[in-house]
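Fair warning: this is a prediction, and the values are worked out from it, not measured in the lab.
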Amino acid sequence: MQDVSSLVAQAREGRPRAVARLISLVEGASPQLREVMEALAPLTGNAYVVGLTGSPGVGKSTSTSALVTAYRKQGKRVGVLAVDPSSPFSGGALLGDRVRMSEHASDPGVYIRSMATRGHLGGLAWAAPQAIRVLDAAGCDVVLVETVGVGQSEVEIASQADTSVVLLAPGMGDGIQAAKAGILEIGDVYVVNKADRDGADATARELNHMLGLGEARAAGDWRPPIVKTVAARGEGVDEVVEALEKHRAWMEERDVLAERRRARAAREVETIAVTTLRERIGDLHGDRRLGALAERIVARELDPYRAADELVAGLTRG
C-alpha cells in the first residue's frame, strides 16, 4: 500500500516519481483511488487544460512539444498527457513517452506521461480525467492533453479540456473530411500546421469557409481563429499561445470556463456511478436475484424493463 498523503506532498513539491506513482494508481484503478482523489480535491482547479486533436500525421506531438517550449519561456509548469493506442499484447501505450518531446525530459518544470486508451473510444484514456487532476494538484499551470487521433467517435477531448485545439495539415487529403466528421463542432482554436507546404493557404480558406457555414453567432460569441504554424521550426506557435490566452480570457469574462468545468465534473461523477453499477451487475452472474428475475421473465410474469428496475433498486439499496 502506498502512503497517499506522502505521495501527494511530494507531488506538490514537483517530484516526478511521486506524480508517476499517483497516475499509476489512477490507471490501475487501485483500491486506494478514492483516497487519492479525496486528497487531491482541495488542491485542484488551477491548471488550464488544453486539448490537442487532429488526424494522424498532422503533427500533434511536434505541436505539443512546441507549446511546451512556449509556455516554459513564460515560466509556467507544464504537464503533458499523451494518449496513445494500446498494445494488443501488454495493454500499454504503444508509442511510450514521445521521442519528439525528449528535449523536455530533463526539465523539472515539465512532466510528460503517455497513457494507453485500452480500447476506450473517444480518443482519450478512461483514466485521463483523474490523471489531469493529479497534474493539476501537482502544481502544473498548463496541462496539454494530446489525443490518439480524431474521427466521428473521437471528439471526447472537447468534454475534458478548457480549450480544444484542432490541428489540420495541407496535403493530408482527409483533413477537411475529418473536420466534416465532427471536429468543426468542437474546436476553439484551429491550427493549420506544416504551413510551409503547398496548399496551406487553401486549407485555411476552406476551413474558414466551413466555419462560416456553421451556426450563426451572436455579437460577443467566440469565433474560433485559424492559425498557421510550422511547429517543427517553432513558427506561429506564439500566435497559438496568444489565441489560447484570448479564449481563456473570453471564457472567464462570460463564466463559460466555470460552466465547462461544472459540466466536466458532472460527467465525471456520472461515469464513476455508471462504472460502479456495471461492476456490481457484473458480480451478479450466478446470483440468485438475477436468476429469479430471469425465471419471472420466462414465465411471462415480468417484462425485462420492470426486471431491470427491480435489479437497479436492489443494487442501490445495498
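Under the 4.5 Å side-chain criterion, counting only non-hydrogen atoms from C-beta, Val165 is not in contact with Asp188. Side-chain contact check for Val227 versus Val192: every heavy-atom pair is 4.5 Å or farther apart. A heavy-atom distance below 4.5 Å is not found between the side chains of Leu52 and Thr147. Using a 4.5 Å cut-off on side-chain heavy atoms (C-beta onward), Val58 and Ser55 make contact. Within the 4.5 Å cutoff, the side chain of Arg264 has no heavy atoms near those of the Arg260 side chain.
Side-chain N/O atoms of Thr44 and Asn46 include no donor and acceptor closer than 3.5 Å. The closest side-chain donor-acceptor pair between Glu268 and Gln130 falls under 3.5 angstrom. For the residue pair Glu146 / Ser61, a side-chain donor-acceptor distance below 3.5 Å is found, with atom types taken as modelled.
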Please assess Asp201 against Thr203 for the test side chain to side chain contact (heavy atoms under 4.5 Å, CB included), listing each intermediate value before the final yes or no. CA-CA 5 Å; Asp201 290 338; Thr203 299; over 6 Å; no
Which is it for Gln160 and Val145 under the side chain to side chain contact (heavy atoms under 4.5 Å, CB included) test, yes or no, and what are the steps along the way? CA-CA 9 Å; Gln160 300 297 339; Val145 184; over 6 Å; no
Would you please test Tyr48 and Thr163 for side chain to side chain contact (heavy atoms under 4.5 Å, CB included) and show each step? CA-CA 8 Å; Tyr48 176 41; Thr163 297; 2.6 Å; yes
Could you walk me through whether Tyr71 and Asp141 pass the side chain to side chain contact (heavy atoms under 4.5 Å, CB included) test, one step at a time? CA-CA 9 Å; Tyr71 278 120; Asp141 300 297; over 6 Å; no
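Closest non-hydrogen pair, Leu135 versus Tyr111, comes out as CD2-CD2, 3.5 Å. Across all their heavy atoms, Ala70 and Val237 have their closest contact at CB-CG1, 4.0 Å. The two residues Gly51 and Ala161 come nearest to each other via the heavy atoms N-CB, 3.5 Å. Residues Gly57 and Lys194 approach most closely at O-NZ, 2.6 Å, considering heavy atoms. Between Asn193 and Ala231, the closest heavy-atom pair is OD1-N, 3.0 Å. For the residue pair Leu167 and Ser63, the shortest heavy atom distance occurs at CD2-OG, 3.1 Å.
A salt bridge is defined here as a Lys NZ or Arg NE, NH1 or NH2 lying under 4.0 Å from an Asp or Glu carboxylate O, and Arg261 with Asp162 meets this definition. Checked for salt-bridge contact, Glu38 and Arg34 miss the test: no charged N lies under 4.0 Å from a carboxylate O. Of the charged side-chain nitrogens involved, at least one lies within less than 4.0 Å of a carboxylate oxygen, so that Asp255 and Arg262 count as a salt-bridged pair.
Rounded to the nearest 0.5 Å, atoms CZ (Arg72) and CG (Asp107) are 4.0 Å apart. Atom CG of Leu81 sits about 9.0 Å away from atom CG of Leu144, to the nearest 0.5 Å. Rounded to the nearest 0.5 Å, atoms CD (Gln10) and OG (Ser5) are 9.5 Å apart. Here the CD1-NE2 distance, from Ile112 to His104, works out to 6.5 Å after rounding to the nearest 0.5 Å. Rounding to the nearest 0.5 Å gives a distance of 7.5 Å between CH2 of Trp222 and NZ of Lys246. Within the model, atoms CG of Asp136 and CG of Leu40 stand 9.0 Å from one another, a figure rounded to the nearest 0.5 Å.
A donor-acceptor pair is defined here as one N or O able to donate and one able to accept, closer than 3.5 Å; no such pair exists between the side chain of Ser30 and the backbone of Val26. Without hydrogens or angle criteria, Trp250 side chain to Glu245 main chain gives no donor-acceptor distance under 3.5 Å.
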Cut-off 3.5 Å, no hydrogens considered: what does the side-chain donor-acceptor table look like for residues 295-306, sequence neighbours left out?
residue: Arg296; atom: NH1; partner: Glu310; partner atom: OE1; Å: 3.3
residue: Asp303; atom: OD1; partner: Tyr305; partner atom: N; Å: 2.9
residue: Asp303; atom: OD1; partner: Arg306; partner atom: N; Å: 2.9

When the side chains of residues 17-24 are checked against the rest of the protein, which donor-acceptor pairs come out under 3.5 Å, sequence neighbours left out?
residue: Ser24; atom: OG; partner: Ala20; partner atom: O; Å: 2.9
residue: Ser24; atom: OG; partner: Arg113; partner atom: NH2; Å: 3.2

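Both Leu168 and Met210 are members of a single hydrophobic cluster when ILVMFWY side chains are connected at heavy-atom separations under 4.5 Å. Residues Val230 and Ile226 fall into different hydrophobic clusters, defined by Ile, Leu, Val, Met, Phe, Trp and Tyr side chains chained together at heavy-atom separations under 4.5 Å. The hydrophobic clustering, which links ILVMFWY residues whose side-chain heavy atoms are closer than 4.5 Å, places Ile272 and Met115 apart.
For Val4, the side-chain contact (heavy atoms from CB on, under 4.5 Å) partners two or more places apart in sequence, or in a different chain, are Val8, Gln32, Glu35, Val36, Ala39.
Around atom NZ of Lys76, more than 12 heavy atoms belonging to other residues, nucleotides or ligands sit under 6.0 Å away.
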